[in-house]
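Inspection log for the structure reproduced underneath, given as structure tokens.
Indexing begins at 1, ligand by ligand and atom by atom, following the structure's order. The shown structure was predicted, so the numbers you read here are calculated from the model rather than taken from an experiment.
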Amino acid sequence: TRSTRPQRMLKAVQKNATKGNPESVISAIDYFCKNSEWAMNVGDEKGSILDSVVTEVNPSTVLELGTYCGYSTVRIARLLSPGTKLITLEFNPAYAAVARQIIAYAGLQDKVTLVEGPSSELIPQIKERFGITTFDFIFLDHWKDRYLPDIKLFEECGLLRKGSVLLADNVICPGTPEYLEYVRNSPHYESRYYPAHLEYTKVEDGLEKSVFLG
Ligand SMILES: CNc1ncnc2c1ncn2[C@@H]1O[C@H](/C=C/CNC(=O)c2cc(-c3ccc(F)cc3)cc(O)c2O)[C@H](F)[C@H]1O
Ligand SMILES: [Mg+2]
């Protein structure tokens, strides 16, 4: 049967990147998406903004919602301090399988815990399963209509602390209107928009950074 786009992306990484070199994995995926097949990775432009926020926060505890093929997982994990691990949630087993291989190709498997399952089930389990009290940094890039319910779940589960940073992809395209309205109007968040473009296109998109105020 025909291969899937994530499988073709993995092949492009194995062909064009250098094993153990995260930068080359990132470049190989961006090259594939610009020259072969578009895919919904955060991409290089928004990825640079993600890099700068991760570097600024220098988090000890990190959560990503929506691994997909692991592109942003590699971008984040390559910047973490030694000994720091990130947890990434992905409920599609086929995507998770590709992501594991791309993360491993980058040599970052020891810095990543990929958990297969839906965020709504996993978020309430995180404290006891991973011994995490709160997250310093959370990257949201899963189904857009789940951003709002999931940050409410973070609040209910006590997973945020004063200063926790949430960074959300696609707040313009495809768009997350309810989420934006909430974080921009809630007294519990300080929010800022980083304008950019939809990955590999000229369409407007951007990232919203929201700091939890307690
Ligand atoms: C709901 N809970 C979940 N738990 C665990 N894994 C999940 C959950 N929900 C989804 N996943 C997992 O997270 C991923 C979902 C990513 C969704 N991303 C997008 O749709 C998305 C779409 C565009 C886009 C823009 C313009 C256009 F013309 C076409 C597409 C651009 C983007 O950057 C995106 O991120 C994965 F697929 C799914 O299994
Ligand atoms: Mg996205």
Side-chain angles (χ1 to χ4, degrees), residues 3-10 26 29-30 32-34 36-51 53-54 62-76 86-103 112-126 129-130 135 137-157 159 166-180 182-183 193-210:
S3 66
T4 65
R5 181 166 305 182
Q7 285 170 330
R8 293 192 292 274
M9 187 189 298
L10 171 60
I26 293 164
I29 293 172
D30 287 332
F32 174 80
C33 292
K34 287 173 186 172
S36 304
E37 303 181 61
W38 186 93
M40 60 181 177
N41 313 118
V42 73
D44 48 349
E45 186 191 15
K46 290 186 288 178
S48 298
I49 299 167
L50 169 62
D51 290 357
V53 174
V54 171
V62 182
L63 178 68
E64 173 182 62
L65 303 181
T67 317
Y68 185 45
C69 295
Y71 174 90
S72 49
T73 321
V74 167
R75 286 203 81 111
I76 298 166
L86 80 80
I87 298 170
T88 183
L89 310 184
E90 174 53 61
F91 66 14
N92 180 314
Y95 293 159
V98 166
R100 289 187 199 283
Q101 294 174 81
I102 286 179
I103 293 159
V112 176
T113 303
L114 196 165
V115 189
E116 285 185 47
S119 53
S120 50
E121 270 174 42
L122 294 170
I123 289 169
Q125 300 174 358
I126 285 176
R129 270 178 75 172
F130 302 100
F135 283 108
F137 179 78
I138 298 174
F139 182 55
L140 298 98
D141 195 18
H142 58 330
W143 290 159
K144 308 314 160 193
D145 62 357
R146 298 297 308 169
Y147 285 20
L148 183 53
D150 281 352
I151 79 163
K152 289 186 172 172
L153 201 49
F154 293 134
E155 293 171 15
E156 286 154 30
C157 297
L159 284 164
L166 297 104
L167 190 65
D169 189 27
N170 310 116
V171 296
I172 304 300
C173 177
T176 62
E178 302 85 11
Y179 174 82
L180 271 192
Y182 181 76
V183 290
Y193 175 62
Y194 292 78
H197 298 88
L198 176 68
E199 49 268 25
Y200 319 115
T201 77
K202 293 186 169 49
V203 173
E204 186 188 345
D205 189 22
L207 302 171
E208 187 83 358
K209 176 184 154 191
S210 307

query: Does the side chain of F135 come within less than 4.5 Å of L166's, by heavy atoms?
result: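 The answer is no; the side chains never approach within 4.5 Å.
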
field: Non-hydrogen side-chain atoms of I126 and V115 separated by less than 4.5 Å
entry: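 SC-SC contact between I126 and V115 ruled out.
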
Where the side chain of [X] meets the backbone of [Y], is there a donor-acceptor pair that is under 3.5 Å apart?
{"X": "Q7", "Y": "T4", "answer": "yes"}
{"X": "R75", "Y": "I26", "answer": "no"}
{"X": "E45", "Y": "H197", "answer": "yes"}

field: Ring geometry between H142 and Y147 (parallel below 30°, tilted from 30 to 60°, perpendicular above 60°)
entry: parallel

message: If the threshold is 4.0 Å, N to carboxylate O, is there a salt bridge linking K202 and D205?
response: no

Put together the list of close N/O pairs, under 3.5 Å, between ligand 1 and the protein, could you?
| from | atom 1 | to | atom 2 | distance (Å) |
| --- | --- | --- | --- | --- |
| ligand 1 | 2 (N) | S119 | OG | 2.9 |
| ligand 1 | 4 (N) | S119 | N | 3.0 |
| ligand 1 | 6 (N) | F91 | N | 3.2 |
| ligand 1 | 18 (N) | K144 | NZ | 3.4 |
| ligand 1 | 33 (O) | D169 | OD2 | 3.2 |
| ligand 1 | 33 (O) | N170 | OD1 | 3.1 |
| ligand 1 | 33 (O) | N170 | ND2 | 2.7 |
| ligand 1 | 33 (O) | E199 | OE1 | 3.4 |
| ligand 1 | 33 (O) | E199 | OE2 | 2.5 |
| ligand 1 | 35 (O) | D141 | OD1 | 2.9 |
| ligand 1 | 35 (O) | K144 | NZ | 2.9 |
| ligand 1 | 35 (O) | N170 | OD1 | 2.9 |
| ligand 1 | 39 (O) | E90 | OE2 | 2.5 |

- prompt: G66 and E90: which non-hydrogen atoms are nearest, and at how many Å?
  reply: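 In terms of heavy atoms, the two residues are closest at C-OE1, 4.0 Å.
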
task: Return the minimal non-hydrogen interatomic distance between E199 and A39, and the atom names on each side.
output: CG-O, 3.9 Å

message: Considering the Mg ion (ligand 2), could you give the total of protein N/O/S atoms lying closer than 2.8 Å?
response: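 Under the 2.8 Å cut-off, the count stands at 3.
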
